[in-house]
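What you see below is based on every heavy atom in this structure, not just the backbone, and it leaves out hydrogens, waters and symmetry mates.
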Amino acid sequence: MSSELEPRSGAAAPRRPVRALTRLAGVTVLAGALVVGASATAVAAPGPSADALSASAASDTATRPPRTTHGPCAYTETPDEPAARPVPLPPDPRRTPARGSVRVTLATNHGPIGLTLDRAAAPCTVQSFLHLVGKRFYDRTPCHRLTAYPTLSVLQCGDPSGTGEGGPGYRYRDELPTDLPPAPTDPTGERRVYARGVLAMANAGPDTNGSQFFLVYANSALRPNYTIFGEVDGAGLATLDRIAAGGVAPTAEDPAPVDGAPALPVTIRKAVRSHHHH
């Protein structure tokens with residue numbers, strides 16, 4: 001699974017893939033991508049192998065093809081990657097809303113993070129995110145990854161398991177940005193600026209969006225492989241700045257990491273949609 005967080009490749013690569021921007025990118029932190037944990041194998045947690053667990057769950061559904069919704073978003077079950085918390089497939093109306101904005105507030109233990117979702121930019125992503133908010137999928141979940149590279153400064157959330165490998169048990173296609181400016185730090189011209197305040201989906205490769213998302217607290221340079229579906233408000237950026245100021249939790253292998261669990265643990269206590277129209 002490709003990863004986008006390139007800085008990972010040079011420095012001591014972390015042992016676990018990070019569904020980093022994986023679900024950042026997908027999720028592979030290994031590759032330095034913003035990736036979501038790719039396969040369960042990448043999970044760092046001790047205990048029974050996640051692969052074995054996935055295999056047993058997959059066998060239950062092997063008798064029928066994965067279900068897919070019939071609207072324009074085609075949300076598709078991922079039997080080999082069962083949901084970290086049970087949730088049905090999102091509604092997929094033939095006329096999925098593609099105009100206007102919706103406000104969602106993530107009430108965290110460090111303060112509120114207000115989000116404005118942009119239906120025009122990513123209608124299927126917004127539809128899925130609101131579905132997960134409504135099903136309380138994000139309530140009482142950790143933000144498992146903080147990055148502090150000069151070219152990648154994000155907080156990644158949305159995995160109830162906290163491993164970087166978890167998702168909603170379904171995937172859907174990318175709705176990629178096409179108008180981002182080139183990143184001045186990238187001589188190859190491949191990376192674009194994901195600006196401070198951007199709300200985007202992590203993934204594990206093309207068309208593998210699920211539930212993991214990332215919040216950009218300082219301009220970051222990424223390949224334009226991550227769906228942008230909204231922005232963080234001023235109060236939310238202040239909350240992100242407090243979390244980022246705490247740094248990344250040190251480990252035995254790396255006393256001063258720039259990618260890993262936040263030193264100040266972050267919990268989304270509740271995600272709430274505002275029903276005031278904008």
Side-chain angles (χ1 to χ4, degrees), residues 19 21-27 35-37 54 57-58 60-106 115-139 141 157-161 165-178 198-214 224-231 268 271-278:
R19 201 168 191 139
L21 291 181
T22 271
R23 276 313 189 190
L24 218 179
V27 178
V35 149
V36 177
S54 302
D60 295 340
T61 50
T63 53
R64 63 171 173 80
R67 285 190 306 132
T68 297
T69 58
H70 299 301
C73 300
Y75 301 110
T76 302
E77 285 182 331
T78 53
D80 53 332
E81 292 184 15
R85 184 176 277 181
V87 67
L89 291 175
D92 189 7
R94 201 163 293 286
R95 296 194 177 179
T96 291
R99 296 171 58 183
S101 61
V102 184
R103 289 272 304 169
V104 168
T105 299
L106 304 180
L115 308 174
T116 299
L117 312 186
D118 183 348
R119 290 191 187 273
C124 293
T125 302
V126 171
Q127 181 93 343
S128 171
F129 191 83
L130 291 174
H131 168 70
L132 294 173
V133 167
K135 295 296 182 183
R136 305 184 69 174
F137 185 89
Y138 292 126
D139 292 5
T141 60
C157 315
D159 170 11
S161 76
E165 295 291 327
Y170 64 83
R171 62 177 170 79
Y172 59 96
R173 64 184 172 80
D174 296 323
E175 295 173 297
L176 302 177
T178 56
V198 156
L199 166 65
M201 290 301 293
N203 60 58
D207 303 319
T208 59
N209 298 290
S211 61
Q212 291 189 40
F213 59 94
F214 59 100
N225 298 344
Y226 307 95
T227 297
I228 292 176
F229 66 106
E231 62 183 10
I268 295 172
V272 183
R273 174 180 181 171
S274 163
H275 285 279
H276 297 298
H277 290 291
H278 293 263

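- In this structure, CZ in R171 is found 8.5 Å from OG1 in T208, a value given to the nearest 0.5 Å.
- With hydrogens and angles disregarded, no donor-acceptor distance shorter than 3.5 Å links the side chain of D118 to the backbone of S101.
- If you look at F129 and F137, their ring centroids are not closer than 6.0 Å.
- Here the shortest heavy-atom pairing between P168 and L132 reads CB-CD2, 4.1 Å.
- When the options D139, T141, V133, I268 are evaluated for a side chain to side chain contact (heavy atoms under 4.5 Å, CB included) with L106, the one that passes is I268.
- Side-chain atoms of T78 come within 3.5 Å of backbone atoms of G169 as a donor-acceptor pair (strictly under, hydrogens ignored).
- In this structure, Y75 contributes its side chain and H70 its backbone to no donor-acceptor pair below 3.5 Å.
- Pairing each heavy atom of S211 with each of G158, the nearest pair is OG-O, 2.8 Å.
- For the residue pair T125/E175, the side-chain donor-acceptor check at 3.5 Å is satisfied.
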(request) Walk me through it: do L89 and R67 pass the test side-chain contact (heavy atoms from CB on, under 4.5 Å)? (result) CA-CA 9 Å; L89 291 175; R67 285 190 306 132; 4.2 Å; yes
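- Residues R119 and V102 are in side-chain contact: their nearest non-hydrogen atoms beyond the backbone lie under 4.5 Å apart.
- Remark: side-chain polar atoms of T96 are not paired, donor with acceptor, to backbone N or O of R94 under 3.5 angstrom.
- Under the 3.5 Å distance criterion, the side-chain polar atoms of E81 are left unmatched by any main-chain donor or acceptor of G166.
- Shown here for P90 and T69, the closest heavy-atom pair between the two residues is O-CG2, 3.7 Å.
- Residues N209 and D174 have side chains that bring a donor and an acceptor to within less than 3.5 angstrom of each other.
- Between L199 and L117, the closest side-chain pair of non-hydrogen atoms falls below 4.5 Å.
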(request) Would you check, one step at a time, whether the test side-chain contact (heavy atoms from CB on, under 4.5 Å) holds for C157 with Y138? (result) CA-CA 9 Å; C157 315; Y138 292 126; over 6 Å; no
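- Annotation: the span from F229 atom CZ to L130 atom CG amounts to 9.0 Å, rounded to 0.5 Å.
- Contact detail for P66 and E77: the closest heavy-atom pair is CB-O, 3.5 Å.
- Remark: side-chain polar atoms of H131 are paired, donor with acceptor, to backbone N or O of P88 under 3.5 angstrom.
- Nearest approach of C124 to R173, heavy atoms of both residues: SG-NH2, 3.6 Å.
- Using modelled atom types, one finds a donor on one side chain and an acceptor on the other under 3.5 Å when comparing Y170 with S128.
- Closest approach of Q127 to P93, counting heavy atoms only: NE2-CD, 3.1 Å.
- In this structure a side-chain-to-backbone donor-acceptor pair under 3.5 Å is present from D92 to C73.
- Atom CZ of residue R273 and atom CZ of residue R103 lie 13.0 Å apart, to the nearest 0.5 angstrom.
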